[in-house]
**Q** 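Quick one: structure below, then a few questions.
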Amino acid sequence: MTTTAKLDLNEDKTFLDSTELILNMGPQHPSTHGVLRVILKLDGEKVLGAECVIGYLHRGVEKIGENRTYVQFGPYVDRMDYVAAVSNGLGYCETVEKLINVEAPPRAQHIRVILTELNRITSHQVWLGTHALDIGAMTPVFYCFRDREEILKIFEKYCGARLTTHAFRIGGCQWETYEGFEKEVLSFCDFFEPKIDEYEQLLTTNRIWVERTKGVGVISGADCIMLGVTGPVLRGSNVKWDLRKAKPYSGYEKFDFEIPTGPNGDTYDRYVVRIQEMRQSVRIIRQAVANMPAGPIMAKVPKILKPPAGEVYHSIEAPKGELGYYIVSDGSLQPYRVRVRPPSFVNLQALDQMVRGRLIADVVAIIGTIDIVLGEVDR
């Protein structure tokens, strides 16, 4: 005798005992901004969680620093965040200067501020162009790279490099400004300010851009602080924290500028914060040029650096957030230990929280809005 089994429509029918799908995004995926592997846990197209797998680009920069002299290690830091090499160099030089108790002369500090703020603009331009391209807007990347070229010309004329710009030395600057430097910098400022308006005309009120970014990747200020997130991501969550104001370095306390913040902590707010930061950078550059002091560009630093035994930590406000260097000296020609606190690496851990509940297409936008560079993440 046979019986017919009744089909229970409420019964959970799963495939291979799993209602979830594990999907690898990367490391070859172009929208991960480098060799980043993101393991997504999906329910259909809804993201339940994400895990970042890093290390594909590891170069051992910190260990190299322990096997080079203090001066020799300088060019290596330029290769971490390679779109903000000037900031990397400033942070390292100031950390060693703190260790040997030396301060760069006022003129060198102004030159450093000008070049670092120009570099902040170039970094934000690369971010804006590639981020918009990820979401589907092609025009901004051409606009941004067109305008960025004018800054790279200044860098090249100053020290011979465009991308990995080794601009500074421990104790100040190796090169004096070239003839017409200040004039070219101010000409760039006049040229660039209307270009920021062009970026905003393309995107700020664009219906597609607003729908793809507003309410996407929301993270609160409290969560940012808990995770150690800094930079535009933190300020986009309405936390007014900028090391140039909170812990001034390189004479930033002399400059008048604002700290842009966003109220909602979403992808759109982080976009607006970076746009406003470019405006503030122009404002700082104009002040630095107008008040450029005369005098030497290098402090008195021994030709062979042999810092006393001790340890030091120093951080600056890089374009992506807090960039810190921790150096331990044992009194020899080489650091005993070198560790870097890179903003891209720390900020990346917020990705899991930001993508939960969103769609796969939003993951690409959220990775872009964090603004990571894998050379800095993997070091």
**Q** For the atom pair CZ (R37) and OH (Y56), what is the distance rounded to the nearest 0.5 Å?
**A**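 R37 CZ to Y56 OH: 4.5 Å, rounded to 0.5 Å.
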**Q** So how far is it from I285 CD1 to I151 CD1, rounded to the nearest 0.5 Å?
**A** 7.0 Å
**Q** Can a cation-pi geometry be assigned to R79 and Y82, taking NZ or CZ under 6.0 Å from the six-membered ring centre and within 45° of the ring axis?
**A** no
**Q** Verify whether one side chain among Q287 and D256 offers a donor that lies under 3.5 Å from an acceptor in the other.
**A**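 Result is no, nothing qualifies.
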**Q** To the nearest 0.5 Å, how far apart are CD1 in I111 and OG1 in T116?
**A**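 The CD1 atom of I111 sits 11.0 Å away from the OG1 atom of T116.
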**Q** Between H58 and D378, is any side-chain donor less than 3.5 angstrom from a side-chain acceptor?
**A** no
**Q** Got more than 12 heavy atoms from elsewhere within 6.0 Å of CZ, F142?
**A** no
**Q** Could you tell me the separation between the SG atom of C224 and the CD1 atom of I219, rounded to the nearest 0.5 Å?
**A**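 Going from the SG atom of C224 to the CD1 atom of I219 covers 4.0 Å.
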**Q** Between Y76 and F73, how do the two ring planes meet: parallel, tilted or perpendicular, split at 30° and 60°?
**A**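 The arrangement is parallel - the two ring planes meet at less than 30°.
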**Q** Do V185 and F188 come within less than 4.5 Å of each other through their side chains, counting heavy atoms only?
**A** no
**Q** According to the interplanar angle, ranging from 0 to 90°, do the rings of W127 and H124 count as parallel (below 30°), tilted (30 to 60°) or perpendicular (above 60°)?
**A**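 W127 vs H124 ring planes: perpendicular.
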**Q** As an exercise, state the distance from CG of D190 to CD of E193, rounded to the nearest 0.5 Å.
**A** 7.0 Å
**Q** With ring centroids as reference points, do F255 and H110 lie under 6.0 angstrom apart?
**A**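 Here the rings of H110 and F255 have centres that are less than 6.0 Å from each other.
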**Q** Taking the side chain as every heavy atom from C-beta outward, state whether T139 and Y143 have any pair of such atoms under 4.5 Å apart.
**A** yes
**Q** Have Q109 and R112 got a donor and an acceptor in their side chains that come within less than 3.5 Å?
**A** no
**Q** Does the distance from a Lys or Arg side-chain N to an Asp or Glu carboxylate O, for K157 and E184, drop under 4.0 Å?
**A** yes
**Q** With distance as the sole criterion, is a donor-acceptor pair present between the side chains of S250 and R244 under 3.5 Å?
**A**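 Short answer, no.
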**Q** Can you find a heavy atom in the side chain of V340 that is under 4.5 Å from one in the side chain of Y92?
**A** no
**Q** Report yes or no: is the cationic atom of R339 (NZ for Lys, CZ for Arg) closer than 6.0 Å to the six-membered ring centre of Y325, at no more than 45° off its axis?
**A**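 R339 over Y325 ring: no.
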**Q** Does any non-hydrogen side-chain atom of L128 lie less than 4.5 Å from one of L203?
**A**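 Heavy-atom side-chain distance check passes, below 4.5 Å.
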**Q** Is the charged tip of K320 near the ring of F345: under 6.0 Å from the six-membered ring centre and within 45° of its axis?
**A**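 That pair does not qualify as a cation-pi contact.
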**Q** Working note: Y178 + F181, criterion ring pair (Phe, Tyr, Trp, His ring centres under 6.0 Å); need CA distance, chi angles, decisive distance, verdict.
**A** CA-CA 5 Å; Y178 58 84; F181 173 79; 5.4 Å; yes
**Q** Going by atom types alone, do S315 and E322 pair a side-chain donor with an acceptor below 3.5 Å?
**A**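 Judged by distance alone, the side chains do pair up.
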**Q** Determine whether the aromatic ring centres of Y271 and W209 lie less than 6.0 Å apart.
**A** yes
**Q** Verify whether the ring centers belonging to Y249 and Y252 lie closer than 6.0 Å.
**A** yes
**Q** Can you tell me how far CD1 of I366 sits from NE2 of H131, rounded to the nearest 0.5 angstrom?
**A** 9.5 Å
**Q** Under 3.5 Å, is there a donor-acceptor pair between the R270 and T369 side chains?
**A**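 Short answer, yes.
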**Q** So with a 6.0 Å cut-off around CG of N101, is the heavy-atom count from everything else above 12?
**A** no
**Q** Could you check whether any side-chain heavy atom of M25 comes within less than 4.5 Å of a side-chain heavy atom of V364, counting everything from C-beta outward?
**A**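 Side-chain contact under 4.5 Å: yes.
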**Q** Starting from the C-alpha separation in whole Å, work towards a yes-or-no answer on side-chain contact (heavy atoms from CB on, under 4.5 Å) for L305 and T69.
**A** CA-CA 8 Å; L305 276 182; T69 67; over 6 Å; no
